[in-house]
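Working notes, structure below.
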There are 2 protein chains.
Amino acid sequence: MSLPNLFATRIKGMKASEIRELLKLLDQPDIISFAGGIPDPALFPVEKFQAAMAKVLGGGNHAASLQYSTSEGHKPLREWIAAEMGRIGIACTPDNILITSGSQQALDYLGKLFLSPGDTALVGWPTYLGALGAFNAYEPRYDRLQPGGNRSAQDYAAQAAPGRVKFAYLSVDFANPTGVTLTQTEREQVLDLAEELDCAVIEDAAYQSLRYDGPAIPPILSLEIARKGSIDACRTVYCGSFSKTLSPGLRIGWVCAAKPVISQMVLLKQAGDLHTPTLNQMAIAEVANDDFDGHIEQVRALYRSRRDRMLAALERHMPAGVEWTRPEGGMFVWLTLPKGMDGAELLAQALRTEKVAFVPGGAFFADGSGRNSLRLNFSSPSQQAIDEGIARLGRVLTAALTPA
Amino acid sequence: MSLPNLFATRIKGMKASEIRELLKLLDQPDIISFAGGIPDPALFPVEKFQAAMAKVLGGGNHAASLQYSTSEGHKPLREWIAAEMGRIGIACTPDNILITSGSQQALDYLGKLFLSPGDTALVGWPTYLGALGAFNAYEPRYDRLQPGGNRSAQDYAAQAAPGRVKFAYLSVDFANPTGVTLTQTEREQVLDLAEELDCAVIEDAAYQSLRYDGPAIPPILSLEIARKGSIDACRTVYCGSFSKTLSPGLRIGWVCAAKPVISQMVLLKQAGDLHTPTLNQMAIAEVANDDFDGHIEQVRALYRSRRDRMLAALERHMPAGVEWTRPEGGMFVWLTLPKGMDGAELLAQALRTEKVAFVPGGAFFADGSGRNSLRLNFSSPSQQAIDEGIARLGRVLTAALTPA
């Protein structure tokens with residue numbers, strides 16, 4: 001069968017995500033896994049979804065909820081999101097919102113919108129693996145974004161030649177994979193750089209609601225609106241999601257941006273899959289309108305306690321030479337091991353000797369560096385599993401760090 | 001705001017679909033519209049969807065239905081589809097099936113899989129507008145596919161140089177927009193051509209279940225399996241959908257193809273939107289397992305009566321010089337007007353003088369020809385609306401054909 005010989009050039013750059021391949025192998029019940037990145041299903045507001053589905057499928061609503069709908073998305077949901085954006089400093093209208101099938105789809109369509117082969121995307125070292133996966137389809141080059149670093153805009157531009165820098169992509173709050181939050185100064189520096197480079201900023205805010213302590217920092221888009229007076233004059237594209245707050249299985253995310261960006265993305269959406277499922281958008285709108293803040297407070301309380309438990313366990317069990325982040329929210333802690341150690345080799349060892357799993361850090365680096373790092377998830381495992389799993393990980397790392 | 005200057009080169013080729021722009025303007029209740037392409041919502045199996053949603057959100061199932069799931073799709077749904085494929089001559093396993101968010105997404109991902117800029121896609125003149133929209137993102141050239149025509153494979157290949165022909169795309173049964181069905185001989189000729197060109201065949205079977213009379217003709221993929229012995233040796237990629245049978249609003253379609261194609265498309269799906277909503281896949285699997293055949297028989301009965309009504313009304317009201325297709329299924333009749341007439345101009349006139357709408361045919365032609373044609377939908381309007389609307393259309397065309 002010769003079809004693979006017919007694949008487009010972009011396919012060479014698209015490989016299986018190590019994380020998703022890993023997840024398939026971790027079904028055995030005796031493995032303690034910190035490898036996932038998924039919400040605890042005990043937090044899903046299931047009664048609210050049951051009531052919402054009964055409503056949108058009942059009383060004559062089914063003719064709309066089961067039918068085709070518009071590519072931009074369900075108007076009442078876009079209205080709810082626009083109001084929510086206003087609460088975090090992003091004044092906008094429903095015409096600034098496009099509903100996507102999860103924020104992963106927003107990243108795919110933003111790659112499609114901006115990247116011609118050879119263009120440059122600025123990303124963190126490390127960055128969200130799914131962003132690299134989405135962008136790779138459009139054959140970009142990557143350069144390392146360092147807000148507040150000492151590289152000039154001219155240097156970034158020169159590195160991108162003969163292509164150009166199209167956007168800076170970054171996750172601002174409790175980033176996947178590091179858990180690190182950008183300071184307000186760093187956010188302003190990203191905007192300054194984007195102005196000098198005349199490029200877009202893609203602000204991935206998937207974890208924005210999951211802050212457990214410390215004061216909220218304004219989104220980059222809100223800082224740019226403060227500079228320019230209107231969202232429609234802004235170069236920042238904000239990507240939000242209900243996956244970490246209400247349910248990932250419904251696949252509802254959104255893009256909030258200037259109207260010229262949204263109207264072009266609506267055409268990509270139309271060409272890509274017509275629209276996000278009508279029923280799902282209507283159901284999410286119902287559930288979001290039913291005490292969203294109260295629900296988020298429950299989510300925060302549970303994950304906060306698990307983060308605290310993981311940080312305490314790391315203090316007890318990690319050998320000298322291992323460093324880790326102290327995230328103010330989100331789902332992940334990032335460990336940095338002494339240079340020369342290899343997260344992928346350690347995973348094989350950890351699974352064999354201690355039945356504990358994590359994600360090796362190398363996959364999050366566009367240049368293949370960072371092998372001496374690993375990502376731990378604290379949103380899924382129970383407190384007991386965290387205690388036991390981190391103890392096991394401590395034994396693995398202690399053994400690896402002990403000279404033979 | 002300079003962001004549109006940053007858009008990728010592919011964006012130039014992506015324009016708004018005339019049909020979807022039209023649909024927005026047709027909300028006035030006094031317009032009789034044959035412009036849509038949507039199912040009659042009276043046919044949605046709403047009680048079955050209510051029961052299915054209650055089940056997949058109840059009794060502990062919600063932990064799965066609201067959670068992330070795998071990119072290839074819900075296993076029980078892939079099993080149901082594989083069995084259904086077997087019934088139409090396509091022997092396959094669930095590993096030959098990828099669930100997509102509607103068959104529109106299958107077309108987007110197939111464009112992404114095969115097309116590098118400048119490669120050639122063979123399509124009908126006319127063809128499905130949404131296929132052109134999906135493929136345009138990958139900057140192909142188009143050439144006219146004429147099964148049984150007198151062009152040699154060498155001629156197609158020469159026209160494609162310096163790129164190459166990557167696939168032939170066609171809708172085989174009651175095609176959108178023409179309503180025409182490919183004969184078995186023509187299907188074999190497409191396979192012969194694809195063998196000579198060493199290209200893929202994309203078989204769009206969105207309307208496959210909606211046959212109202214005449215014997216079923218085997219899908220191209222089944223004819224190729226008969227030649228080669230196994231789906232995994234085949235170059236045909238079959239795209240199916242639940243949008244015309246159960247509900248378009250849930251956005252569930254599928255691709256059925258050789259495993260090397262499916263495994264690569266799973267990676268595109270993962271990078272594109274992680275997976276199709278879990279809840280929707282589980283609900284569709286429940287509903288499909290509950291007397292699918294009985295439900296389809298109801299759908300066929302209603303649309304058959306509307307098609308008959310439209311064909312009878314066309315006989316009564318169309319002036320000499322107008323020709324139309326007699327589809328054996330699907331949702332559309334295609335009218336060809338005398339050369340020199342312009343469907344888009346006629347639509348403006350028809351809306352103004354008679355308040356009747358249709359889709360001008362030009363948009364369905366990759367080369368911009370075919371302006372003297374128009375598409376009529378018979379799945380949405382009632383029998384009375386069909387009678388009255390075709391009478392109105394008859395007056396519009398009679399006036400246009402009468403020398404001033």
Side-chain angles (χ1 to χ4, degrees), chain A residues 1-4 6-9 11 14 16-17 20 38 41 44 46 49-50 53 57 62-63 65-69 71 101-102 104-105 108 112-116 133-134 136-137 166 198-200 232-233 235 247-251 258 260-261 264 267-268 270-274 277-280, chain B residues 1-4 6-9 11 14 16-17 20 38 41 44 46 49-50 53 57 62-63 65-69 71 101-102 104-105 108 112-116 133-134 136-137 166 198-200 232-233 235 247-251 258 260-261 264 267-268 270-274 277-280:
Chain A
M1 228 267 304
S2 56
L3 285 191
L6 293 170
F7 290 168
T9 55
I11 298 301
M14 302 187 73
S17 144
R20 290 191 72 91
I38 66 178
F44 295 151
V46 58
F49 275 114
Q50 288 166 340
M53 280 296 174
L57 283 171
H62 75 275
S65 64
L66 296 175
Q67 188 57 285
Y68 286 114
S69 57
S71 299
S101 296
Q104 183 68 31
Q105 186 176 65
D108 179 33
K112 204 173 189 177
L113 181 66
F114 286 115
L115 296 172
S116 291
N136 283 344
K166 286 298 185 72
D198 186 24
C199 74
D232 291 319
R235 58 177 71 252
S247 157
L250 267 71
R251 312 299 307 123
V261 172
Q264 186 60 53
L267 298 185
L268 299 191
Q270 179 180 300
D273 66 3
L274 300 185
T278 321
L279 185 74
N280 302 235
Chain B
M1 228 267 303
S2 57
L3 286 191
L6 294 170
F7 290 168
T9 55
I11 298 302
M14 301 188 73
S17 144
R20 289 190 74 90
I38 67 180
F44 296 151
V46 58
F49 275 114
Q50 288 166 339
M53 281 295 174
L57 283 171
H62 76 274
S65 63
L66 296 176
Q67 188 58 285
Y68 286 113
S69 56
S71 298
S101 295
Q104 183 68 30
Q105 186 175 65
D108 179 33
K112 205 172 189 177
L113 182 66
F114 286 116
L115 296 172
S116 291
N136 283 344
K166 286 298 185 71
D198 186 23
C199 73
D232 292 319
R235 59 179 68 251
S247 157
L250 268 72
R251 313 298 307 124
V261 172
Q264 187 61 52
L267 298 186
L268 299 191
Q270 179 181 300
D273 66 2
L274 300 185
T278 320
L279 186 73
N280 302 235

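Any value given below was found using the heavy atoms of this structure, including those in side chains, with hydrogens, waters and symmetry copies removed. Convention: sequence-line order gives letters A, B, ...; per-chain numbering from 1.
At least one side-chain heavy atom of B/Arg235 sits less than 4.5 Å from a side-chain heavy atom of B/Asp198. Residues B/Leu66 and B/Thr278 are not in side-chain contact: their nearest non-hydrogen atoms beyond the backbone lie 4.5 Å or more apart. The closest side-chain heavy-atom distance from B/Gln104 to A/Gln270 is not below 4.5 Å.
With a 4.5 angstrom heavy-atom cutoff, B/Ser65 touches chain A only via backbone atoms. Heavy-atom distances place the side chain of B/Asn280, and not its backbone, under 4.5 Å from chain A. For a residue to count as touching a neighbouring chain, one of its non-hydrogen atoms must lie under 4.5 Å from one of that chain's; by this rule B/Leu115 touches chain A with the backbone only. A/Ser101 touches chain B through backbone and side chain together, each having a heavy atom under 4.5 Å away. With a 4.5 angstrom heavy-atom cutoff, B/Met53 touches chain A only via side-chain atoms.
Among A/Leu57, A/Asp108, A/Leu6, the residue making the largest number of heavy-atom pairs under 4.5 Å with chain B is A/Leu6. Chain B forms the most heavy-atom pairs under 4.5 Å with one residue out of A/Gly133, A/Ala137, A/Ala63, A/Gly102, and that residue is A/Ala63. Ranked by non-hydrogen atom pairs under 4.5 Å with chain A, the options B/Pro41, B/Pro248, B/Ser247, B/Ser116 are led by B/Pro248. With chain B as the partner, the residue from A/Gln105, A/Lys166, A/Arg251 showing the most heavy-atom pairs under 4.5 Å is A/Arg251.
Here the straight-line distance linking atom CZ of B/Phe7 with atom NZ of A/Lys112 works out to 14.0 Å at 0.5 Å rounding. How far CZ of A/Phe49 is from CG of B/Leu279: 8.5 Å, rounded to the nearest 0.5 Å. Atom CD of B/Gln264 and atom CE of A/Met14 lie 7.5 Å apart (nearest 0.5 Å). Residue B/Leu267 holds its CG atom at 10.0 Å from CG of B/Leu113, rounded to the nearest 0.5 Å.
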